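Quick caveat: nothing in here was measured; it's all calculated off a predicted structure. We name chains A, B, ... by the order of the sequence lines, and we start the count at 1 in each one.
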Amino acid sequence: MSVVSSIQQSSIESLSALFSQPFTEKDFQVNQTKPEFEGDYTVVMFSLVKALKLSPDAIGHQLGNHLVANYPQLFSKYNIIKGFLNLSISDAYWTGVLNKNYNDTCYGKKEMNGKKVMVEYSSPNTNKPLHLGHLRNNFLGWSVAEILKANGYEVIKSCIVNDRGIHICKSMIAWQKFANGATPQSTGIKGDHFVGEYYVKFNDAYKQEVDELIAAGKTKEIAEKEAPIMKATQQMLLDWEAGKPEVIDLWKTMNGWVYEGFDVTYKRIGSDFDKIYYESNTYLLGKDIVQQGMDKKVFYQKEDSSIWIDLTADGLDEKIVQRKDGTSVYITQDIGLALQKYEQYGIDQSIYVIGNEQNYHMKVLQLICQKLGMPNADNIFHLSYGMVELTTGKMKSREGTVVDADDLVEEMVATSKQHTEELGKVKDFKEAELKELYDTIGLGAMKFYLLRVDPKKTMVFDPKESIDFHGFTGPFIQYTYARIKSILRKVEEADGASAVNHQPSAISLLPLEKELIIAAEQYPAVLEQACTEHNPSVIANYIFHLAKTFNSFYTEHSIANAESDGKKQLRLQLATFTAGIIKSGMQLLGIKVPERM
RNA sequence: GGUCUGGUAGCUCAGCUGGAUAGAGCAUCAGCCUUCUAAGCUGAGGGUCAUUGGUUCGAAUCCAAUCCAGAUCACCA
């Protein structure tokens with residue numbers, strides 16, 4: 001049980017004994033004591049005043065006395081300042097926490113709870129390479145999946161590849177028209193980037209055609225509809241749905257190029273999936289459900305034969321689910337896939353990691369699933385994250401301000417190489433070790449930078465700040481870890497492999513020692529919070545705080561040359577404990593920690 | 001226009017299920033390496049928590065209104 005829970009429980013029991021009426025943890029707050037006051041945790045008295053008809057200080061004294069008298073192993077003393085009951089936790093309690101957990105690699109993690117969750121993330125389009133926004137999605141989805149696992153859930157990481165549709169046909173048409181048979185192999189360009197170039201070429205050609213039509217006297221609206229390249233693209237989509245062999249062949253070839261490129265990127269950034277869905281396989285499934293929805297009268301058909309759902313009663317609008325030409329729209333496939341996920345895996349919850357620009361879409365999706373009476377429709381959860389903007393404003397592909405994922409990774413790794421070489425601490429590393437270290441630091445910096453912010457919030461990506469390796473960054477934490485490991489290695493060399501194994505004696509704690517144990521003790525609660533909030537930034541902030549606390553302790557007190565053997569053992573345990581939590585927490589963010597750097 | 005987000009230090013962000021004098025990092029300034037890795041540590045300056053009103057013993061936090069910014073309301077995905 002956590003300290004906070006213990007304080008809550010003992011306070012509930014004491015209050016009930018003192019005032020012979022029932023209390024719950026909601027009747028009072030337990031906070032960490034502010035540094036300017038004496039004590040470790042504080043119980044706020046004000047909320048009890050009404051029920052007890054006593055002054056805050058009077059309640060505080062009675063409760064404080066009772067707690068110290070009846071829970072001597074937990075509380076050593078108390079003081080009251082203006083209605084705040086400041087409790088000092090005994091050093092024996094803290095050293096007990098340390099001794100029990102310092103070497104537990106599963107510290108903070110929970111037993112399997114029998115629940116199954118699918119986390120869908122990444123979900124790329126196969127018409128252009130990944131960019132900065134995708135990175136936030138990938139890191140977030142991966143991390144949330146791992147956090148769920150640590151909290152006892154069985155997790156299936158999934159990905160829906162948007163491999164068909166009008167946008168895919170655009171790059172196909174452009175390739176037909178402009179490529180002269182060029183391939184990634186013939187040009188030496190990474191497959192996803194290669195295809196992306198043709199998507200850009202489509203838009204350029206389309207814009208030019210529209211401009212020409214407007215110049216010829218057409219309205220903008222008509223010009224956009226009648227541009228030959230757009231008409232060709234629409235025809236291609238129909239041909240694709242009809243299974244026309246040469247279209248299917250080209251589609252397979254070009255998607256193949258993209259997948260080769262994606263594989264490289266995913267491997268580099270550490271994204272992995274248990275199940276990959278392809279839209280080309282799921283979009284027809286949605287059509288069956290459209291029929292069922294018609295039968296159930298959830299959907300209705302308009303005169304032009306397009307099919308709709310009316311959501312105006314729910315405060316939304318009418319939404320199309322099938323075009324008049326019988327082809328699917330995006331949401332149709334989503335409905336089909338939502339059902340398939342439940343049918344295939346029997347999942348208890350379905351999480352979608354998708355940008356907040358699709359809040360409306362996801363609301364509609366869930367509502368339709370509910371109206372169709374689909375099982376577990378209530379357990380669809382949209383993990384809505386904010387866009388990544390640049391210091392200069394939004395990323396716009398038209399203005400060429402999109403930050404490419406591959407480029408960014410290389411830049412970060414190159415920067416970590418440069419920093420590492422300047423510091424010259426690992427000159428004895430072999431080539432392969434150096435390469436691994438640069439990756440660890442560069443990717444660590446990037447992941448931490450994107451995960452340290454609350455996912456819900458729009459965030460600003462500042463290139464200068466992102467490659468800073470000082471302060472609130474991944475490398476700062478990695479460095480703290482490497483320093484601890486360095487100490488532990490040295491002590492082991494000097495004292496033998498079992499150097500850290502003593503039971504701590506009843507030893508009194510210095511402020512910085514206690515502060516570190518208090519921080520470490522909070523890790524399980526942090527993991528739980530990160531899980532319920534689906535929020536890795538909770539862990540990022542916490543691990544940074546822990547590392548900072550350790551660094552202050554480290555500067556002030558020697559571990560290897562502690563003033564007594566008891567202190568040395570205590571601090572070795574403390575260092576081991578801290579390193580373990582850093583490693584565990586960073587792992588949940590998808591960030592590796594180096595033994596040396 | 002409807003709906004939904006958000007507005008905290010020069011910049012990037014915590015804090016938001018109400019609690020003590022609102023916290024970090026970066027940047028600025030001043031210190032600390034013959035002793036465990038200075039990618040570190042210590043300290044200083046820096047705030048009308050968008051504005052106004054309300055609820056409360058107590059509001060950055062809850063409620064309302066206003067201002068500002070963004071997203072969305074496609075037979076696009």
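Aromatic ring centroids of Phe202(A) and Tyr199(A) lie 6.0 Å or more apart. Ring to ring, Trp251(A) and Tyr278(A) are not that close: their centroids are 6.0 angstrom or more apart.
For the pair Asp314(A) CG and U72(B) P, the interatomic distance rounds to 22 Å; values are reported in whole Å. Put simply, OH on Tyr360(A) is 22 Å from P on G70(B), counting in whole angstrom units. With rounding to whole Å, Lys485(A) atom NZ is found 15 Å from C36(B) atom C1'. Rounding to whole angstrom units, CD1 of residue Ile582(A) and P of G40(B) are separated by 13 Å. Spacing between atom NZ of Lys128(A) and atom C1' of C76(B) amounts to 11 Å, rounded to whole angstrom units. A straight line from CD1 of Ile487(A) to C1' of U37(B) spans 9 Å, rounded to a whole angstrom. The interatomic distance linking Phe84(A) (CZ) with U21(B) (P) rounds to 8 Å, in whole Å. Distance CE (Met459(A)) to P (G6(B)): 17 Å, rounded to an integer number of Å.
The closest side-chain donor-acceptor pair between Gln573(A) and Gln569(A), if any, does not fall under 3.5 angstrom. Under the 3.5 Å distance criterion, with hydrogens and angles disregarded, no donor-acceptor pair is assigned to the side chains of Tyr41(A) and Gln8(A). Between the side chains of Thr42(A) and Asn86(A), at least one donor N or O lies within less than 3.5 Å of an accepting N or O.
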With the criterion being N/O to N/O and under 3.5 Å, what pairs connect the protein with nucleotides 23-28 of chain B, and how long is each?
| from | atom 1 | to | atom 2 | distance (Å) |
| --- | --- | --- | --- | --- |
| G25(B) | O2' | Phe472(A) | N | 3.2 |

Would you list the protein and nucleotides 59-64 of chain B atom pairs, both N or O, that sit under 3.5 Å from each other?
none

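Taking atom C1' on both A77(B) and U72(B), the two are 15 Å apart, rounded to the nearest angstrom. On the C1' atoms, A60(B) is 10 Å away from G18(B), given to the nearest whole Å. Here, A20(B) and U61(B) have their P atoms 13 Å apart, quoted to the whole Å. For the C1' atom pair drawn from U28(B) and G1(B), the interatomic distance equals 47 Å after rounding to whole Å. When the C1' atom is compared between G46(B) and U55(B), the two are found 33 Å apart, to the nearest whole Å. Between C36(B) and A30(B), the two C1' atoms lie 27 Å apart (nearest whole Å).
By the side chain to side chain contact (heavy atoms under 4.5 Å, CB included) test, Pro594(A) pairs with Leu437(A), Thr440(A), Gln478(A), Met597(A), sequence neighbours left out. In this structure, the salt bridge (charged side-chain N to carboxylate O under 4.0 Å, His left out) partners of Glu528(A), at least two apart in sequence or on a different chain, are Lys110(A). Judged as a side chain to side chain contact (heavy atoms under 4.5 Å, CB included), and not counting sequence neighbours, the contacts of Ser55(A) are Asp57(A), Ala58(A). For His131(A), the side chain to side chain contact (heavy atoms under 4.5 Å, CB included) partners two or more places apart in sequence, or in a different chain, are His134(A), Met395(A), Val402(A). Listed by chain and residue number, Asp310(A) satisfy the side chain to side chain donor-acceptor pair (under 3.5 Å) test with Thr312(A) (two or more places apart in sequence, or in another chain). Annotation: salt bridge (charged side-chain N to carboxylate O under 4.0 Å, His left out) contacts of Glu533(A) (sequence neighbours excluded): none. The side chain to side chain donor-acceptor pair (under 3.5 Å) test applied to Ser122(A) returns Asn138(A), Tyr266(A), not counting sequence neighbours.
Within 4.0 Å (heavy atoms only), Phe476(A) reaches sugar-phosphate atoms of the nucleic acid but no base atom. Within the 4.0 angstrom heavy-atom criterion, only backbone atoms of the sugar-phosphate kind lie near Asn356(A); the bases stay farther away. Ile166(A) comes within contact range of the sugar-phosphate backbone alone, with a heavy-atom separation under 4.0 Å but no base atom that close. Among the heavy atoms of the strands lying under 4.0 Å from Lys490(A) are primed sugar atoms or P, OP1, OP2 only; no base atom is included. Using a 4.0 Å heavy-atom distance criterion, Gln358(A) is classed as a base contact. Counting any heavy atom pair closer than 4.0 Å across all strands shown, Thr420(A) reaches a base atom. As judged by a 4.0 angstrom heavy-atom cut-off over every strand, Ser306(A) is placed among the base-contacting residues. Ile484(A) comes within 4.0 angstrom of no nucleic acid atom, judged by non-hydrogen atoms across all strands. Note on Asp454(A): only backbone sugar-phosphate atoms sit closer than 4.0 angstrom, heavy atoms only; bases stay farther off.
Neither OP1 nor OP2 of C36(B) sits under 4.0 Å from any side-chain N or O of Arg571(A). In terms of phosphate contacts, Thr458(A) brings no side-chain nitrogen or oxygen within less than 4.0 Å of OP1 or OP2 of U5(B). At least one side-chain nitrogen or oxygen of Lys457(A) sits closer than 4.0 Å to the OP1 or OP2 atom of A14(B). Distances shorter than 4.0 Å separate some side-chain N or O of Asn551(A) from OP1 or OP2 on C41(B).
Residue Asn31(A) forms a side-chain contact (heavy atoms from CB on, under 4.5 Å) with just one option from Val44(A), Val4(A), Val43(A), and that option is Val44(A).
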Quiz prompt | Check against side-chain hydrogen bond (donor to acceptor under 3.5 Å, both in side chains), His167(A) and Asn162(A) | solution = CA-CA 9 Å; His167(A) 56 299; Asn162(A) 301 120; 5.9 Å; no

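Judged by distance alone with a 3.5 Å cut-off, a donor-acceptor contact links the side chain of Asn86(A) to the base of A20(B).
Glycosidic conformation, C11(B): anti, with the torsion outside 90° of 0.
Using a 4.0 Å cut-off on heavy atoms, the residues of residues 42-53 of chain A that approach RNA chain B are Thr42(A), Val44(A), Phe46(A), Ser47(A), listed by number.
G40(B) has no stacking from Tyr479(A) on its base ring, since the centres under 5.5 angstrom apart and planes within 30 degrees of parallel are not both found.
For residues 411-421 of chain A, the salt bridge (Lys or Arg N to Asp or Glu O under 4.0 Å) pairs, not counting sequence neighbours, are Lys417(A)-Glu421(A).
For Ile559(A), counting side-chain heavy atoms from C-beta on, the closest listed nucleotide (C36(B), G7(B), C76(B)) is C36(B). Ranking C13(B), U72(B), U37(B) by closeness to the Glu357(A) side chain, first place goes to U72(B). The side chain of Thr555(A) sits closest to C41(B) out of G18(B), C41(B), A20(B).
Here the side chains of Thr126(A) and Val195(A) are not in contact, with every heavy-atom distance at 4.5 Å or above.
For the atom pair Glu595(A) CD and Lys485(A) NZ, the distance stands at 5.0 Å (nearest 0.5 Å).
For the strand RNA chain B, secondary-structure stems (runs of at least three Watson-Crick or G-U pairs, all distances below 3.5 Å) span B:1-7 with B:67-73, B:10-13 with B:23-26, B:28-32 with B:40-44, B:50-54 with B:62-66.
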